[in-house]
Every structure is written in C-alpha cells, then in structure tokens.
Amino acid sequence: MSELIREKLSLPNGHDKLLLHSCCAPCSGEVMEAIQASGIEYTIFFYNPNIHPQKEYTLRKEENMRFAEQHGIPFIDADYDTDNWFERARGMENEPERGIRCTMCFDMRFERTALYAFEHGFSAISSSLGISRWKDMKQINGCGERAAAPYPGMVYWDYNWRKKGGSARMIEISKRERFYQQEYCGCVYSLRDSNLHRKAQGRDLIKLGVKYYGDEDDE
C-alpha cells in the first residue's frame, strides 16, 4: 500500500465530538481511518433508507458494522424507513443522477443525522458520501449545511476527503479489506437506470452480492 501523507485533522470551531453519517464501508473506510488517526472522537450513524433492495441494504450495513467494530468505533444502526423515502421521492422517479431526487435523498439522511446528533450531544456532523467521485461534493455539502443549521452551535464539517490521496487510499483500503463493490448508487431508480444503460451496451445486468474489491487482482 502506498504511503500517503495525512494531515492532522481537527473539527471546525473547536468542536470535539463528531457524528459521521456513513453510506457504506468502501466510502467510509478512508474517512474513518483518517479521523481516527487524528484522535477525533466519533460515532458512525448508518441511515440509508434509499438503498434497494433489502438484500443490498443488508450487505452494505453489515459490512460497515464489521469495519466499525474492527476499529472499535460505536455504530448507530438507524431505521430502514423505506416508506418515508419513497414518499419523499414521489414525482422524482425519472430525475437524473445528481438531480433533485439526490438532493432530496441527501437532505433526508442528513436531517436525521443532525436530529440524532442534537439529541445525543454531538455538535458536529459529517458524511462519507463526499469521497466518491460519482457524487457532487457541492450538492452534498449544501445538504449537510442545511441539516445542521436549525440546531444552535451545530456545524457540518465539509472537509474534502478526496484530497491528498484520499480517493486512492479509499480504493486501497477497499481492496485490503475486500469490501463488497456495489455497482450502483443505491436506490431503486439508480438500479433501474444502471441496468438500462448496461442493457443498451449489451452488458450483463447487475448481480447483487457477487463483486468484491480486489477480485480482479486474482484473475
């Protein structure tokens, strides 16, 4: 594994306790290890009612739980309230990736993260979502800032996890841990559109639970 220089991180405005929303183990691996290397106290908050189907949701959650346990990090398993997510997504079924449906989805997840943080003594929140090159970091940060705004003293930490080798380290950790390699963002509409794109290219449709980081290295 390549040597990467990690700067000493600190939470903004003197905050000392972080609630980190996590979407999956591959995205959160580098984020978790970077935070831990800086000695920041944090807890993982897993709230992702967008993930479909439940088999995919369980794969991502349980892998994330194992990685958190491996590092001795508390893990909050929040509700899988898919009915609420589909209600909020109503009318947005055909919106493109990174469009208003994704904004709604980030808003929903971050709102619950901020509420839990407020109720349990966390004054800073952040998310592993922004490390993915497939995501719009400005969109994600805007949602995080909106979620934190109603709570006095709470801050959304908008650190750029991609910089200084973070994106490369994310892949290296995923291969080291042989994380499950999901092939679509997570929601039923993302799965639908990804499969339509594959079908148009004459490729096989997505199969859940079969692809893992590092498998290609064994071929």
[atom1]/[X] to [atom2]/[Y] distance, rounded to the nearest 0.5 angstrom?
{"X": "Trp85", "Y": "Ile51", "atom1": "CH2", "atom2": "CD1", "answer": "10.5 Å"}
{"X": "Ile76", "Y": "Met65", "atom1": "CD1", "atom2": "CE", "answer": "10.0 Å"}
{"X": "Phe179", "Y": "Ser174", "atom1": "CZ", "atom2": "OG", "answer": "6.0 Å"}
{"X": "Arg203", "Y": "Ser194", "atom1": "CZ", "atom2": "OG", "answer": "9.0 Å"}
{"X": "Ser132", "Y": "Ile140", "atom1": "OG", "atom2": "CD1", "answer": "7.5 Å"}
{"X": "Asn48", "Y": "Cys187", "atom1": "CG", "atom2": "SG", "answer": "12.0 Å"}

Around atom [atom1] of [X], are there more than 12 heavy atoms of other residues, nucleotides or ligands at under 6.0 Å?
{"X": "His197", "atom1": "NE2", "result": "no"}
{"X": "Lys138", "atom1": "NZ", "result": "no"}
{"X": "Glu69", "atom1": "CD", "result": "no"}
{"X": "Gln54", "atom1": "CD", "result": "no"}

Do [X] and [Y] come within less than 4.5 Å of each other through their side chains, counting heavy atoms only?
{"X": "Gln181", "Y": "Lys175", "answer": "no"}
{"X": "Pro49", "Y": "Asp79", "answer": "no"}
{"X": "Asn64", "Y": "Met32", "answer": "yes"}
{"X": "Glu97", "Y": "Ser190", "answer": "yes"}
{"X": "Glu177", "Y": "Phe67", "answer": "yes"}
{"X": "Glu63", "Y": "Pro26", "answer": "yes"}
{"X": "Asp215", "Y": "Arg178", "answer": "yes"}
{"X": "Trp157", "Y": "Asn141", "answer": "no"}

Mind listing the closest non-hydrogen atom pair of [X] and [Y] along with its distance?
{"X": "Arg176", "Y": "Glu33", "result": "NH2-OE2, 2.6 Å"}
{"X": "Ser123", "Y": "His15", "result": "OG-ND1, 2.7 Å"}
{"X": "Tyr189", "Y": "Ala89", "result": "CE1-CB, 4.4 Å"}
{"X": "Ala148", "Y": "Ile125", "result": "CB-CD1, 4.2 Å"}
{"X": "Cys105", "Y": "Asn50", "result": "SG-CB, 3.5 Å"}
{"X": "Gln139", "Y": "Gly99", "result": "NE2-O, 3.2 Å"}

In terms of hydrophobic clustering (I, L, V, M, F, W, Y; side-chain heavy atoms under 4.5 Å; direct or indirect links), are [X] and [Y] co-clustered?
{"X": "Tyr57", "Y": "Phe106", "answer": "no"}
{"X": "Val188", "Y": "Tyr47", "answer": "yes"}
{"X": "Trp161", "Y": "Leu11", "answer": "yes"}
{"X": "Tyr159", "Y": "Val155", "answer": "no"}
{"X": "Phe75", "Y": "Leu19", "answer": "no"}

Test salt bridge (Lys or Arg N to Asp or Glu O under 4.0 Å) on Asp107 and Arg146 and set out the steps. CA-CA 8 Å; Asp107 278 338; Arg146 277 197 301 277; 2.9 Å; yes

Ile206: which other cluster members, linking ILVMFWY side chains closer than 4.5 Å, directly or transitively? Leu59, Tyr180, Tyr184, Leu191, Leu208, Tyr212

Taking transitive links into account, so neighbours of neighbours count too, which hydrophobic residues share a cluster with Leu196 at under 4.5 Å side-chain distance? none

Any donor-acceptor pair under 3.5 Å from Ser38 side chain to Ile40 backbone: no

Can a donor-acceptor pair be found, under 3.5 Å and without considering hydrogens, that links the side chain of Arg162 to the backbone of Ser167? no

With His120, which residues qualify under side chain to side chain donor-acceptor pair (under 3.5 Å), at least two apart? none

Cationic N near anionic O, under 4.0 Å, Arg198 to Glu183: yes

Strictly below 4.0 Å, N to O, side chains only: are Asp77 and Lys61 in salt-bridge contact? yes

Pairing residues for Tyr42 by the ring-ring contact (aromatic ring centres under 6.0 Å, His included) criterion, not counting sequence neighbours: none

Yes or no on side chain to side chain contact (heavy atoms under 4.5 Å, CB included) for Glu41 and Gln36, after CA distance, side-chain angles and deciding distance? CA-CA 8 Å; Glu41 181 184 353; Gln36 200 158 19; over 6 Å; no

Which is it for Ser126 and Leu18 under the side chain to side chain contact (heavy atoms under 4.5 Å, CB included) test, yes or no, and what are the steps along the way? CA-CA 7 Å; Ser126 192; Leu18 173 71; 3.9 Å; yes

Assess the residue pair Arg192 and Asn94 against the criterion (side chain to side chain contact (heavy atoms under 4.5 Å, CB included)); give the C-alpha distance rounded to whole Å, side-chain angles, the decisive distance to 0.1 Å, and a yes or no. CA-CA 10 Å; Arg192 174 200 64 196; Asn94 295 309; 3.5 Å; yes

Contacts of Glu56 meeting salt bridge (Lys or Arg N to Asp or Glu O under 4.0 Å) (sequence neighbours excluded), chain-then-number -> Arg60

Side chain to side chain contact (heavy atoms under 4.5 Å, CB included) assessment of Leu20 paired with Ile35: CA-CA 10 Å; Leu20 177 69; Ile35 292 172; 4.1 Å; yes

For residues 110-119, please give each side-chain donor-acceptor pair under 3.5 Å, one per line with the distance, not counting sequence neighbours.
| from | atom 1 | to | atom 2 | distance (Å) |
| --- | --- | --- | --- | --- |
| Glu111 | OE1 | Arg88 | NH1 | 3.1 |
| Arg112 | NH2 | Asp81 | OD2 | 3.1 |
| Thr113 | OG1 | Arg109 | O | 2.8 |

Would you please indicate yes or no on a ring centroid separation below 6.0 angstrom for Tyr151 and Tyr156? no

Only one of Met137, Met170, Lys163, Arg169 clears side chain to side chain contact (heavy atoms under 4.5 Å, CB included) with Ile131; which? Met170

Find out whether the Lys NZ or Arg CZ of Lys17 is both under 6.0 angstrom from the six-membered ring centre of Phe122 and within 45° of the ring's axis. yes

